[in-house]
Amino acid sequence: MAIKKGFEAEGKVVRRDFPDKGIIFLPESDKYVVVKGGIPGQTVKYRILKSRNGHYEAMILDVVKKSPLENEPPVCKNFGVCGGCDYQTLPYMLQLDMKKNQLNKIFDPVITEEYIFDGIVPAPKRWETRNKMEYAFGDAYLGGPLSLGLHKKRHFYDILYTDDCRIVNDDFNKILAAVFDVVNTTGLSFYNKMMHRGYLRHLLIRRAESTGEILVVLETSSDFITEEEKDCFKCDSLKDFLAGPNANYNKEAPVSDEERAILSSIGEKLLSLALEGKIAGFLHFINNKESDDVKAERSEVLYGQDYIEERLLGLTFKITPFSFFQTNTSGAEVLYSKIRDYVGDRKDKVVFDLYSGTGTIGQILAPVAKKVIGIEIVSEAVDAANENAKQNGLGNTEFIAGDVSEMLDSISEKPDFIVLDPPRDGVAPKALAKILKYDVPEIIYVACKPTSLARDIPVFHENGYTVKRMCYVDMFPNTVHVETVVLMSRVQK
């Protein structure tokens with residue numbers, strides 16, 4: 001039987017590899033199918049997408065039979081169609097065990113030396129973990145009604161109305177519903193990513209777990225038109241549309257009285273809500289860029305302030321809409337406590353905090369170090385780091401804006417200890433080569449993508465480092481994600 005693209009069949013998921021690769025073995029064959037998602041023990045219907053390196057890649061069309069492991073009921077209406085919480089029907093301890101086994105499979109082949117494995121550290125709580133959400137405006141389905149929420153799994157456009165999400169405090173759900181109630185009565189258009197026309201783009205919410213302060217940001221374009229008006233810009237084909245005057249509105253025009261009245265209505269609705277926390281600020285971002293990221297070409301504070309304050313391990317952090325901050329506050333305390341434990345007391349040592357973001361790790365390490373120097377490429381994050389350090393009374397920290405590889409050439413001080421917390425793709429080879437030249441006795445590597453760390457560990461081995469301690473920290477219960485912390489020591493020459 002020939003298996004080609006489009007072929008459909010049923011099969012049983014026998015295992016799941018990190019992060020979301022379900023493995024199905026084909027009967028009477030040495031080949032297998034990789035599907036995105038799937039829980040071991042599930043019987044699923046799938047469709048072949050392509051053949052790759054002796055196996056097939058496919059998409060799950062339907063779960064025909066649940067896994068025996070799934071003995072907890074879904075907690076929200078969008079489970080199965082929203083891709084956020086694939087593990088929510090699994091008992092939490094089983095989730096931890098699955099993640100630990102998946103990561104062990106990644107690291108066991110590359111770490112051959114003996115080391116202390118501290119296991120997987122559970123999150124302090126299973127639900128209401130996220131302190132930041134970016135919701136999108138769009139249609140519930142192609143040509144359907146306006147919706148506000150998260151993208152449907154395996155769909156680029158369809159938006160799920162997520163007003164009962166459990167990975168956030170219920171304040172998020174109430175705010176989402178309130179904003180939607182107001183804009184849904186106006187007939188306002190949402191931004192169409194193909195046409196580059198329309199008004200409503202994103203709703204950003206940040207909530208401090210310790211203080212309960214909430215920041216709400218409505219992101220729109222300058223294209224203040226209704227859905228009916230937007231329809232007038234449609235053409236018989238995309239080619240015809242792109243050839244025409246598809247952006248003839250004034251992107252620099254001030255906010256109109258009608259627009260301001262709607263924004264005021266949203267603000268009044270938000271302030272009238274019965275929330276566990278408190279609205280600290282309501283902002284309006286205007287973004288006409290074609291990319292789908294939340295940006296602010298222009299911004300205005302409609303109410304309150306443009307930041308919230310969060311407390312973490314005795315320190316206070318000012319968080320703006322674009323601040324780089326761990327999305328699970330209580331989980332971050334566990335993660336950073338583990339890092340601080342691995343660092344130990346370095347009161348006479350200079351610590352480099354590379355890829356420092358808003359300097360959270362560096363500031364937590366400052367009390368046990370002689371000096372902390374952080375490097376981060378995003379200048380706004382560096383400004384926030386220095387401001388937060390000053391607010392926390394830390395006089396032994398310095399955060400510098402720039403690319404890690406380039407800035408290491410300009411810093412005269414030499415580190416005694418290095419902490420790496422790189423983005424998902426890991427440390428760039430050029431930067432890693434310069435880091436290794438310091439020959440520091442110990443390095444901590446924090447990885448949100450374990451495969452990047454597994455790729456880099458052999459390079460550390462080649463340069464005389466061995467793994468001494470390692471643990472996994474579950475920052476994201478009910479999802480596939482997990483953080484890894486590893487302490488490496490240089491073999492004495």
Rounded distance (nearest 0.5 Å) linking atom [atom1] of [X] with atom [atom2] of [Y]:
| X | Y | atom1 | atom2 | value |
| --- | --- | --- | --- | --- |
| D456 | T451 | CG | OG1 | 10.0 Å |
| L148 | L200 | CG | CG | 8.5 Å |
| R130 | T327 | CZ | OG1 | 4.0 Å |
| N169 | I214 | CG | CD1 | 7.0 Å |
| E252 | N250 | CD | CG | 7.0 Å |
| L69 | L90 | CG | CG | 6.5 Å |

Is the shortest side-chain heavy-atom distance between [X] and [Y] below 4.5 Å?
| X | Y | result |
| --- | --- | --- |
| L365 | F417 | no |
| E219 | L204 | no |
| H202 | D292 | yes |
| V183 | F190 | no |
| N131 | E209 | no |
| V168 | N173 | yes |
| Y472 | L96 | no |
| K269 | V179 | no |

Is the closest basic N to carboxylate O distance between [X] and [Y] below 4.0 Å?
| X | Y | value |
| --- | --- | --- |
| D416 | R346 | no |
| E300 | R298 | no |
| K468 | E442 | no |

Within the distance-only criterion (no hydrogens, no angle test), does the side chain of [X] pair as donor or acceptor with the backbone N or O of [Y] below 3.5 angstrom?
| X | Y | value |
| --- | --- | --- |
| S189 | Y199 | yes |
| S452 | R424 | yes |
| E376 | V378 | yes |
| N396 | A369 | yes |
| D421 | D353 | no |
| N392 | L394 | no |
| R206 | S323 | yes |
| Y92 | A123 | yes |
| D164 | K77 | yes |
| N184 | F180 | no |

request  = Please say which of L176, L203, L150 ends up in a side-chain contact (heavy atoms from CB on, under 4.5 Å) with M133.
outcome  =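 Among L176, L203, L150, the one that satisfies the side-chain contact (heavy atoms from CB on, under 4.5 Å) with M133 is L150.
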
key: Steps toward side chain to side chain contact (heavy atoms under 4.5 Å, CB included) verdict (V482, F18)   = CA-CA 10 Å; V482 63; F18 188 87; 4.0 Å; yes

If you draw a 6.0 Å radius around [atom1] in [X], do more than 12 non-hydrogen atoms from other residues or ligands fall strictly inside?
| X | atom1 | result |
| --- | --- | --- |
| D257 | CG | no |
| K21 | NZ | no |
| K430 | NZ | no |
| K295 | NZ | yes |
| K66 | NZ | yes |
| K289 | NZ | no |
| K193 | NZ | yes |

Shortest non-hydrogen contact between [X] and [Y], atoms and distance:
| X | Y | result |
| --- | --- | --- |
| L313 | E333 | N-OE2, 3.1 Å |
| P74 | Q88 | CA-OE1, 3.3 Å |
| V368 | G344 | CG2-O, 3.6 Å |
| R260 | V255 | NH2-CB, 3.6 Å |
| V419 | V343 | CG2-CG2, 4.4 Å |
| G426 | Y445 | CA-OH, 3.6 Å |

task = Specify whether H196 and Y191 have parallel, tilted or perpendicular ring planes, treating 30° as the upper limit for parallel and 60° as the lower limit for perpendicular.
result =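 Plane angle between 30° and 60°, so tilted.
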
ask   = Do the rings of F322 and F285 sit parallel, tilted or perpendicular, given the 30° and 60° boundaries?
value =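 Parallel, since the angle between the ring planes stays under 30°.
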
request  = Please assess I279 against I175 for the test side chain to side chain contact (heavy atoms under 4.5 Å, CB included), listing each intermediate value before the final yes or no.
outcome  = CA-CA 10 Å; I279 302 291; I175 291 169; 4.0 Å; yes

So, [X] versus [Y]: side-chain donor-acceptor pair below 3.5 Å or not?
| X | Y | value |
| --- | --- | --- |
| T329 | E310 | yes |
| N388 | Q363 | no |
| N288 | S222 | yes |

request  = Please assess E483 against V446 for the test side chain to side chain contact (heavy atoms under 4.5 Å, CB included), listing each intermediate value before the final yes or no.
outcome  = CA-CA 7 Å; E483 298 268 346; V446 185; 3.8 Å; yes

ask   = Stepwise, does the side chain to side chain contact (heavy atoms under 4.5 Å, CB included) test hold for E387 with Y307?
value = CA-CA 13 Å; E387 183 178 348; Y307 66 92; over 6 Å; no

Going by the salt bridge (charged side-chain N to carboxylate O under 4.0 Å, His left out) test, name the single residue among [options] that passes it with [X].
| X | options | value |
| --- | --- | --- |
| R207 | E128, E276, E309 | E276 |
| D223 | R201, R197, K251 | R197 |
| D474 | K338, K99, K100 | K99 |

